Participant: 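Before anything else, here's the structure in question.
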Amino acid sequence: MSEIIETNDLQKQYRMGDVVVEALKGVDFTVHEGEFVAIMGPSGSGKSTLLHLLGGLDLASGGEVFLADRRLTRLRDTAITVMRRRHVGFVFQFFNLLPTLTAAENVALPLLLDGQSVKESSARVTETLEQVNMGNRAGHMPDQLSGGEQQRVAIARALVTDPEILLADEPTGNLDSSSGEQVLVILRRACDAAGQTIVIVTHNPTAAAFADRVVFLQDGALVHEILGGPFDVSAITEAIAHVNV
Ligand SMILES: Nc1ncnc2c1ncn2[C@@H]1O[C@H](COP(=O)(O)OP(=O)(O)OP(=O)(O)O)[C@@H](O)[C@H]1O
Ligand SMILES: [Mg+2]
């Protein structure tokens with residue numbers, strides 16, 4: 001399997017006046033094409049920071065990020081924006097759907113931004129909504145959808161451009177367990193059926209258990225990983241206990 005994401009000695013410092021927070025202290029992290037990886041770790045360990053740097057949402061303080069063989073850390077802003085739009089889909093904890101657009105319009109948005117007409121985009125939008133089991137809610141506004149349904153629309157919006165990489169920061173963090181499970185089943189299926197590369201950040205052992213590999217961050221450093229998933233939840237809780245010793 002070829003590497004689609006690679007970081008070398010990745011560092012991030014946040015400077016606030018005289019105080020410097022070392023959020024990432026030299027992270028070497030690799031993700032292979034078609035792999036489903038979960039990032040776990042305590043609050044403040046640098047999980048979101050890592051995910052944002054992988055997707056070019058923020059700039060590194062040192063080290064390198066390679067995304068699909070391009071050195072993200074050396075690209076200029078406009079090139080990073082193009083890279084991100086072509087190669088990366090993002091899903092966030094709070095769905096971030098545009099409230100004045102229907103589910104279908106939200107999903108169409110990345111295609112319209114890429115220059116397609118509404119008509120050109122419609123077949124792909126329908127297909128992607130069906131992929132997340134939301135084909136029957138295309139005309140609903142976000143406030144007419146449950147949290148789990150909104151998150152599935154957000155996943156469809158992230159997948160509609162067929163990005164090589166899907167990055168998700170606590171995609172089930174705001175959902176009840178059954179809605180969360182539906183989201184994870186959809187992500188797992190995207191990985192198994194379409195070879196989608198997926199990296200999620202999660203606090204939830206049940207969510208991490210869906211991944212092929214789980215990596216653990218502590219104080220801005222990768223300290224442990226477990227391979228060979230999908231896992232039993234007990235394997236995740238044992239690994240968490242191991243890391244915290
Ligand atoms: N914009 C910022 N400015 C200053 N410090 C920041 C900023 N963003 C994050 N940090 C700090 O960097 C560290 C890592 O933050 P990060 O958001 O990556 O943690 P996390 O592992 O995602 O935590 P959580 O599980 O609570 O979401 C924390 O100590 C945080 O306070
Ligand atoms: Mg976070």
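Hydrogens, waters and symmetry mates are skipped; everything else that's a heavy atom, side chains included, is used. Bear in mind that the values here come from a model prediction, so they are computed numbers and not experimental data. Counting convention: from 1, in listed order, for ligands and their atoms alike.
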Participant: Any N/O/S atom, backbone or side chain, of T49 lying under 2.8 Å from the Mg ion (ligand 2)?
Facilitator: no
Participant: Answer yes or no for R15: is there a heavy-atom contact with ligand 1 below 4.0 Å?
Facilitator: no
Participant: Between Q116 and D114, is there a side-chain donor-acceptor contact under 3.5 Å, judged purely by atom types and distance?
Facilitator: no
Participant: Taking 4.0 angstrom as the limit, do K25 and E22 come out as a salt bridge?
Facilitator: no
Participant: Please could you name the atoms of ligand 1 that S45 approaches to less than 4.0 Å, counting only its heavy atoms?
Facilitator: 19 (O), 21 (O)
Participant: Between A208 and M40, which heavy-atom pair has the shortest distance, and what is it?
Facilitator: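 Scanning both residues, the minimum pair turns out to be CB-SD, 3.6 Å.
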Participant: Restricting to non-hydrogen atoms, name the atom on G148 and the atom on L175 that form the minimum distance, rounded to 0.1 Å.
Facilitator: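 For G148 and L175, the tightest heavy-atom pair comes out as N-CD2, 3.5 Å.
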Participant: Scan Q150, R157, M141 and name whichever one has a side-chain contact (heavy atoms from CB on, under 4.5 Å) with N106.
Facilitator: R157
Participant: Can you report which non-hydrogen protein atom sits closest to atom 28 (C) of ligand 1, along with the distance?
Facilitator: G44 O, 3.7 Å
Participant: Closest non-hydrogen protein atom to atom 6 (C) of ligand 1, residue and atom name please, with distance?
Facilitator: Y14 CD1, 3.2 Å
Participant: Of all the atoms in ligand 1, which lie at a distance below 4.0 Å from a heavy atom belonging to P42?
Facilitator: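 By the 4.0 Å cutoff, the relevant atoms are 21 (O).
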Participant: Ignoring hydrogens, what is the shortest heavy-atom contact between L53 and L10? Give both atom names and the distance.
Facilitator: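 Shortest heavy-atom separation between L53 and L10 comes out as CD1-CD2, 3.7 Å.
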Participant: Touching ligand 1 at all, G220? Heavy atoms, strictly under 4.0 Å?
Facilitator: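 The answer is no: ligand 1 sits nowhere under 4.0 Å from a heavy atom of G220.
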Participant: Return the minimal non-hydrogen interatomic distance between A158 and V91, and the atom names on each side.
Facilitator: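 Here A158 and V91 meet closest at CB-CG2, 3.8 Å.
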Participant: Give me the atom names and distance for the closest heavy-atom approach of I226 to A235.
Facilitator: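 Smallest heavy-atom distance, with atoms named: CD1-O, 4.0 Å.
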Participant: From the options V19, L53, L51, T49, select the one whose nearest heavy atom is closest to atom 16 (P) of ligand 1.
Facilitator: T49
Participant: Within less than 4.0 angstrom of ligand 1, does H203 place any heavy atom?
Facilitator: yes
Participant: How far is atom 25 (O) of ligand 1 from its nearest protein heavy atom, and which residue and atom is that?
Facilitator: K47 NZ, 2.7 Å
Participant: Starting from atom 26 (O) of ligand 1, locate the nearest protein heavy atom and write down its residue, its atom name and how far away it is, to 0.1 Å.
Facilitator: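 Among all protein heavy atoms, the one nearest atom 26 (O) of ligand 1 is S43 OG, 2.6 Å.
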Participant: For residues L109 and L98, determine if any side-chain heavy atom of one lies less than 4.5 Å from a side-chain heavy atom of the other.
Facilitator: yes
Participant: Any idea which part of V21 is under 4.0 Å from ligand 1, heavy-atom wise: side chain, backbone, both or neither?
Facilitator: side chain
Participant: Which residue and non-hydrogen atom of the protein lie closest to atom 17 (O) of ligand 1, and at what distance in Å?
Facilitator: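 Here the nearest protein heavy atom works out to S48 CB, 3.8 Å.
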Participant: Under 4.0 Å from atom 2 (C) of ligand 1, is there any protein heavy atom?
Facilitator: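 Yes; the ligand atom in question has protein heavy-atom contact below 4.0 Å.
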Participant: By number and element, which atoms of ligand 1 are closer than 4.0 Å to a non-hydrogen atom of M16?
Facilitator: 4 (C)
Participant: Nearest protein heavy-atom contact for atom 27 (O) of ligand 1: which residue, which atom, what distance?
Facilitator: E170 OE2, 3.8 Å
Participant: Can you name the one residue among L51, I39, I198 that meets side-chain contact (heavy atoms from CB on, under 4.5 Å) with L167?
Facilitator: L51
Participant: Looking only at heavy atoms, what is the nearest atom pair of T7 and L54, with distance?
Facilitator: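 Closest approach of T7 to L54, heavy atoms only: CG2-CD2, 3.5 Å.
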Participant: Run the contact test for G41 against ligand 1 with a 4.0 Å cut-off on heavy atoms, strictly below, and give the result.
Facilitator: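 Contact absent.
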